[in-house]
Amino acid sequence: MKVHKIVNLIAFENTYILENDRHVIVVDPGSDWRKIQRKLEEIAKPITAIFLTHTHYDHIMSLDKVRDNFANPPVYVAESEASWLYTPTDNLSGLDRHADLEDIILRPAEHFFTYHHDYQLDDFHFYAVQTPGHSIGGVSIIFPEDQVVLTGDALFRETIGRTDLPTGNLEQLLTGIRKELFVLPKDYRVYPGHGNDTTIGHEKTFNPFF
């Protein structure tokens with residue numbers, strides 16, 4: 001599986017496009033729709049699904065554009081944040097400090113993640129785990145054959161997600177990382193929602209929060 005990263009202008013959020021022999025998965029489509037569109041057209045493979053690690057505005061800004069322009073692939077999200085897609089105050093786009101942004105109101109997702117379920121979609125094999133604490137519905141997505149985990153805003157290179165936003169909880173975040181991520185083999189490649197990739201082994205050794 002190839003992992004393509006697009007760094008979006010707003011919040012320097014990472015959108016990932018996961019590519020296998022015949023299909024792609026889009027993860028957290030952020031603000032730079034044209035860059036996302038160009039990469040998808042360059043790869044020129046049908047989209048199996050769109051995964052959301054959580055639903056803060058910077059991770060969902062191009063969601064409906066991807067749907068509308070690429071055959072409306074199904075969206076997967078945590079049930080606890082499903083309503084945030086169409087609730088600007090919850091996805092944070094509607095807060096006063098983001099008055100420069102349009103309120104983000106998107107169509108509902110088609111699927112809720114079932115945690116630790118063995119998914120097989122178009123030759124993508126993965127499972128999702130709960131890593132809340134940055135937000136209540138934080139999800140990490142694990143591809144065991146590829147030794148890849150997408151951690152959203154839970155675990156970053158040598159740091160963790162902020163916990164001072166609504167539904168944030170530091171102890172919950174640390175517990176989820178220890179329970180669901182640090183049990184993975186050390187060679188697993190970590191692709192976070194912001195910043196550079198890392199490995200589980202590097203974070204267990206050098207992340208100052210652990």
Side-chain angles (χ1 to χ4, degrees), residues 2-19 24-43 47 50-67 69 75 77-78 81 84-85 88-106 131-141 143 148-168 170 173 176-177 181 188-200 202-203 206-209:
K2 296 180 182 177
V3 180
H4 306 274
K5 181 172 81 169
I6 295 167
V7 181
N8 297 274
L9 181 61
I10 291 182
F12 299 103
E13 183 267 342
N14 295 330
T15 293
Y16 295 102
I17 299 173
L18 314 178
E19 178 187 0
V24 299
I25 290 172
V26 178
V27 182
D28 290 353
S31 63
D32 287 358
W33 157 240
R34 292 301 177 193
K35 290 200 304 194
I36 297 169
Q37 181 184 33
R38 283 196 297 270
K39 177 56 72 172
L40 289 169
E41 290 174 345
E42 175 190 321
I43 296 170
I47 301 175
I50 303 170
F51 295 164
L52 303 177
T53 62
H54 64 299
T55 57
H56 284 156
Y57 71 96
D58 51 320
H59 291 254
I60 61 174
M61 294 180 77
S62 293
L63 174 59
D64 279 359
K65 289 186 173 70
V66 175
R67 290 162 137 176
N69 288 272
V75 175
V77 70
E81 290 188 15
W84 295 17
L85 290 173
T89 51
D90 288 338
N91 66 45
L92 308 183
S93 66
L95 300 185
D96 289 343
R97 69 172 180 268
H98 296 308
D100 56 325
L101 298 176
E102 291 186 15
D103 286 357
I104 295 176
I105 301 173
L106 304 172
T131 47
H134 171 69
S135 65
I136 194 64
V139 171
S140 294
I141 304 158
F143 293 80
V148 161
V149 54
L150 295 107
T151 57
D153 286 6
L155 179 65
F156 300 124
R157 181 177 175 84
E158 298 182 10
T159 189
I160 59 172
R162 59 187 293 186
T163 58
D164 60 334
L165 298 171
T167 75
L170 177 60
L173 182 57
I177 292 170
L181 302 181
Y188 264 59
R189 180 66 50 183
V190 175
Y191 292 95
H194 304 266
N196 295 326
D197 57 283
T198 182
T199 65
I200 292 294
H202 183 91
E203 297 316 305
F206 296 108
N207 195 303
F209 284 90

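Atom OH of residue Tyr191 and atom CG of residue Asp197 lie 5.0 Å apart, to the nearest 0.5 angstrom. Interatomic distance, CG of Asp28 versus CG of Asn14, reported as 9.0 Å (0.5 Å rounding). Residue Ile17 holds its CD1 atom at 4.0 Å from CG of Leu40, rounded to the nearest 0.5 Å. Atoms CH2 and CD1, on Trp33 and Ile6 in that order, are 10.0 Å from each other to the nearest 0.5 Å. Going from atom NE2 of His134 over to atom CG of Leu173 covers 9.0 Å, rounded to the nearest 0.5 Å. Of the inter-residue distances, the one linking Asp100 atom CG with Ser93 atom OG reads 11.0 Å to the nearest 0.5 angstrom.
Just one residue in the list Val139, Val27, Leu85 forms a side chain to side chain contact (heavy atoms under 4.5 Å, CB included) with Leu52, and that residue is Leu85.
Side-chain atoms of Thr167 come within 3.5 Å of backbone atoms of Ile136 as a donor-acceptor pair (strictly under, hydrogens ignored). Although no hydrogens or angles enter the test, the distance criterion places a donor-acceptor pair under 3.5 Å between the side chain of Thr15 and the main chain of Gly30. Proximity of a side-chain donor or acceptor of Thr199 to a complementary backbone N or O of His202 within less than 3.5 Å is detected. Between the Tyr16 side chain and the Pro192 main chain, a donor and an acceptor come within less than 3.5 Å of each other. A donor-acceptor contact shorter than 3.5 Å is absent between the side chain of His194 and the backbone of Phe156. At distances below 3.5 Å, at least one donor-acceptor pair connects side-chain atoms of Glu203 with backbone N or O atoms of Glu158. With hydrogens and angles ignored, the 3.5 Å screen pairs no side-chain donor or acceptor of Asn69 with any backbone N or O of Gln37. When atom types are taken as modelled, the side chain of Thr55 and the backbone of Trp84 share no donor-acceptor pair closer than 3.5 angstrom.
Closest of all the heavy-atom pairs between Ile177 and Ala154 is CD1-O, 3.7 Å. Here the closest heavy-atom approach between residue Gly137 and residue Ala78 is recorded as O-CB, 3.2 Å.
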| message | Applying salt bridge (Lys or Arg N to Asp or Glu O under 4.0 Å) to Glu42 and Lys39, what does each step give before you reach the verdict? | response | CA-CA 5 Å; Glu42 175 190 321; Lys39 177 56 72 172; 3.2 Å; yes
| said: Could you walk me through whether His4 and Val24 satisfy the side chain to side chain contact (heavy atoms under 4.5 Å, CB included) test, starting with their C-alpha distance in whole Å, then the side-chain angles of each, then the deciding distance to 0.1 Å, before giving a yes or no? | reply: CA-CA 10 Å; His4 306 274; Val24 299; over 6 Å; no
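Ring geometry, His54 versus His59: the interplanar angle falls from 30° to 60°, so the pair is classed tilted.
The shortest side-chain heavy-atom distance between Ile160 and Leu170 falls under the 4.5 Å cut-off. A heavy-atom distance below 4.5 Å is found between the side chains of Val75 and Arg67. In this structure, His56 and Leu165 have side chains that are in contact, with non-hydrogen atoms separated by less than 4.5 Å. Between Phe143 and Leu150 there is a side-chain heavy-atom pair separated by less than 4.5 Å. Asp90 has its side chain out of reach of Pro166: every pair of non-hydrogen atoms, C-beta onward, lies at least 4.5 Å apart. A heavy-atom distance below 4.5 Å is found between the side chains of Asn196 and Lys5. Between Leu155 and Asn207 there is a side-chain heavy-atom pair separated by less than 4.5 Å. For the pair Thr131/Thr151, no side-chain contact is recorded, criterion being any heavy-atom separation below 4.5 Å from C-beta on.
When the shell of 6.0 Å around NZ of Lys35 is examined, it contains more than 12 heavy atoms from other residues, nucleotides or ligands. Atom CZ of Phe12 has 12 or fewer heavy atoms from other residues, nucleotides or ligands within 6.0 Å.
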